[in-house]
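Report on the structure given below.
Each ligand, and each atom within it, is numbered from 1 in the order the structure gives. Quick note: residue numbers are just sequence positions, from 1. When reading the values below, keep in mind they use all heavy atoms of this one structure, side chains included, and skip hydrogens, waters and symmetry mates.
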Amino acid sequence: MQFDSGPRVRLSEIGVDWYNLYKQRTRLNQNWTAGRFVNSQLPHPNHPAEGHTDDIYAIQLQGKHLVSGSVDRTIRIWDVDTGRLVGEPLQGHAGSVLCLQFDPRDHEDTIVSGGAGGELIFWPAARVAGQRQDVWTIVNEAATASPVQPIVNMGQGFFGYNPPEFVLDAARDALSKVECNQYSPTKGRPRLKKAIANAYSPFFGRTLDPDKEVTITTGANEGMLSAFMAFLEQGDEVIVFEPFFDQYISNIEMPGGKVVYVPLHPPKDGATKTTSAGEWTLDMKALEAAITDKTRMIVLNSPHNPIGKVFTKQEMQAIGDLCVKHNIIILSDEVYDRLYYVPFTRMATLSPEIANLTLTVGSGGKNFYATGWRVGWLIGPEHMIKYVSAAHTRICYSSVSPLQEATAVAFEQADAHNFWDESKAEMKGKVDRFTQVFDELGLPYSEPEGGYFVLVNLAKVKLPEDYDFPSHVANRPRDFKLSWFCIVELGVAAIPPTEFFTDANAHIVEDWLRFAVCKNDDVLEQAKERLRGLKKYIQ
Ligand SMILES: Cc1ncc(COP(=O)(O)O)c(C=O)c1O
């Protein structure tokens with residue numbers, strides 16, 4: 001577990017001296033075989049490198065975790081079943097860790113610790129602390145370490161260019177209106193709900209009710225959090241396909257849900273020849289086997305990030321029918337719904353029974369190249385939308401007013417500007433332009449059927465054996481090393497996709513990297529030029 005250090009308080013400021021705290025340190029549960037932790041700095045005979053490098057002063061057991069603090073100034077969390085470290089040591093104390101205590105309210109994994117420097121650190125709850133160094137931090141660190149500056153950032157999926165002028169004009173205009181600078185109704189501005197209902201009714205084959213079947217959220221992400229908050233109770237299970245958009249996981253876990261993973265499988269010959277993203281497959285038997293009495297929801301993403309797969313109508317139908325059979329709510333994340341290069345099916349359009357349990361997620365940020373606007377929405381039956389709105393009201397009350405108004409105008413005017421067709425053609429052009437370099441290098445890739453991510457297989461790239469990767473990269477799967485290497489040696493950032501898998505299934509994509517092509521053409525050309533530097537490492 002890699003925690004960032006929480007706020008520090010001088011003990012003297014709150015009238016406690018460290019010696020008293022030290023004396024009060026909690027005693028070890030006698031049932032735990034503590035010897036190997038307490039009397040030795042090496043917690044596990046087979047994994048000595050994981051041990052403390054000095055005496056242990058404080059220790060506490062909670063659930064299946066044992067926490068120890070040491071003169072070496074670190075706190076380590078152990079799995080009591082395996083005796084192994086649960087992630088990275090917590091660093092942040094200026095002196096020996098003298099005492100530690102779980103949150104008095106008994107919240108698992110929330111720790112307070114006192115150190116010889118006289119400091120008390122409130123470590124954050126595990127839900128916000130992250131399990132290990134996140135991919136974005138590693139990519140940024142590599143970018144700083146690279147001699148090639150500035151880096152061409154093909155990693156994160158933000159647009160390298162502005163929304164079209166008619167959308168920007170709408171935003172400027174909205175800012176000058178008094179009512180657009182004040183709270184919007186919690187469910188969203190009527191003009192935006194109407195514009196969305198009008199835009200989507202033809203796709204859904206019926207007239208959507210803007211007041212009952214549409215609710216506006218702060219980006220698709222907060223919309224999904226609201227949906228999970230609305231329907232999950234502690235211990236309810238949610239099925240998520242791997243690879244997954246990483247926000248799903250915390251959004252499910254925050255309300256107490258449990259994620260159940262089902263992997264998508266790459267094309268068998270994906271390492272040797274370029275294939276279609278459509279050839280990534282879902283094992284329907286594995287999906288059905290993952291369903292239990294506790295399965296409450298499933299998350300589906302089409303067009304898919306990061307694979308670029310657009311699920312076929314047959315695949316969607318099979319998934320939808322299964323959900324109807326087991327009464328499972330479908331959260332259909334369709335944020336890339338305007339960027340598809342093969343026929344695209346919307347889950348909610350497949351049958352009235354499927355529509356009855358489907359929440360469709362949309363994003364103004366993705367649709368109009370404005371990810372920073374944080375305007376999203378959910379469309380679904382009234383009996384579900386009303387609870388999503390209720391959760392959203394409690395999470396953030398309402399969403400950004402002027403940008404809701406601007407998104408409404410963007411929808412109203414999009415067809416007149418032929419925006420949707422042009423947007424799709426432009427993005428497909430970027431995919432084709434960028435992937436040329438991999439054709440040239442003979443590196444196979446998964447050709448996206450939608451969205452703006454390209455997965456490239458770099459199994460043929462031989463990394464120098466003696467290459468000096470930092471330890472937190474060296475002990476991650478090969479795609480992290482590929483990513484680090486491309487950033488530092490070539491100056492091009494791409495994302496290691498094992499980040500979107502569980503450890504058990506990470507091997508499926510350890511030779512791949514994800515590139516986002518939603519960048520200006522000159523940036524794409526510069527990235528291509530730099531990537532040609534891979535030639536000498538290809539075997
Ligand atoms: C699959 C998927 N869903 C949802 C989102 C979040 O969308 P928004 O920016 O509207 O919150 C993203 C953003 O990258 C995404 O890739």
Carefully, step by step, assess Tyr248 and Phe228 under the rule ring-ring contact (aromatic ring centres under 6.0 Å, His included). CA-CA 9 Å; Tyr248 297 153; Phe228 295 128; 7.4 Å; no
Electrostatic pair Lys285:Glu288 at N-O distance under 4.0 angstrom: no
Less than 6.0 Å separating the ring centroids of Phe419 and Tyr369? yes
Distance filter under 4.0 Å to Ala220 heavy atoms, resulting ligand 1 atoms: 7 (O), 8 (P), 10 (O), 11 (O)
Considering both backbone and side-chain atoms of Asn305, is one of its nitrogen or oxygen atoms within less than 3.5 Å of a nitrogen or oxygen in ligand 1? yes
Lys/Arg-Asp/Glu bridge criterion (N-O < 4.0 Å) met for Asp432, Lys428: yes
For Asn301, counting its heavy atoms only, list the atoms of ligand 1 lying under 4.0 Å from any of them. 1 (C)
Atom 15 (C) of ligand 1: which protein heavy atom is closest, and how many Å away? Tyr336 OH, 3.5 Å
Can you check whether Phe411 and Trp377 have ring centres sitting under 6.0 Å from each other? yes
Please say whether Tyr248 places an N or O atom under 3.5 Å from an N or O atom belonging to ligand 1. no
Hey, which atoms in ligand 1 end up nearer than 4.0 Å to a heavy atom of Gly219? 10 (O), 11 (O)
In plain terms, say whether Glu412 and Arg191 are close enough for a salt bridge, that is, a side-chain N and a carboxylate O under 4.0 Å apart. yes
Look at ligand 1 and say whether Met224 reaches it with a heavy atom at a distance under 4.0 Å. yes
The atoms of ligand 1 lying under 4.0 Å from a heavy atom of Arg374, numbered in the order shown, are 8 (P), 9 (O), 10 (O), 11 (O)
Polar contact flag, side-chain donor to acceptor under 3.5 angstrom, Tyr445-Asp439: yes
For Ser363, counting its heavy atoms only, list the atoms of ligand 1 lying under 4.0 Å from any of them. 8 (P), 10 (O)
Is it true that Glu279 and Lys268 make a salt bridge, defined as a side-chain N closer than 4.0 Å to a carboxylate O? no
Applying a 4.0 Å heavy-atom criterion (strictly less than), which segment of Asn221 is in contact with ligand 1: side chain, backbone, both, or neither? both
May I ask you to list the atoms of ligand 1 that are less than 4.0 angstrom from any heavy atom of Lys366? 12 (C), 13 (C), 14 (O)
With a 4.0 Å cut-off on N to O distance, would you call Arg172 and Asp169 a salt bridge? yes
Starting from atom 2 (C) of ligand 1, find the nearest protein heavy-atom neighbour and note its residue, name and distance. Asp333 OD2, 3.3 Å
Can you tell me the protein heavy atom closest to atom 12 (C) of ligand 1 and the distance? Phe245 CZ, 3.3 Å
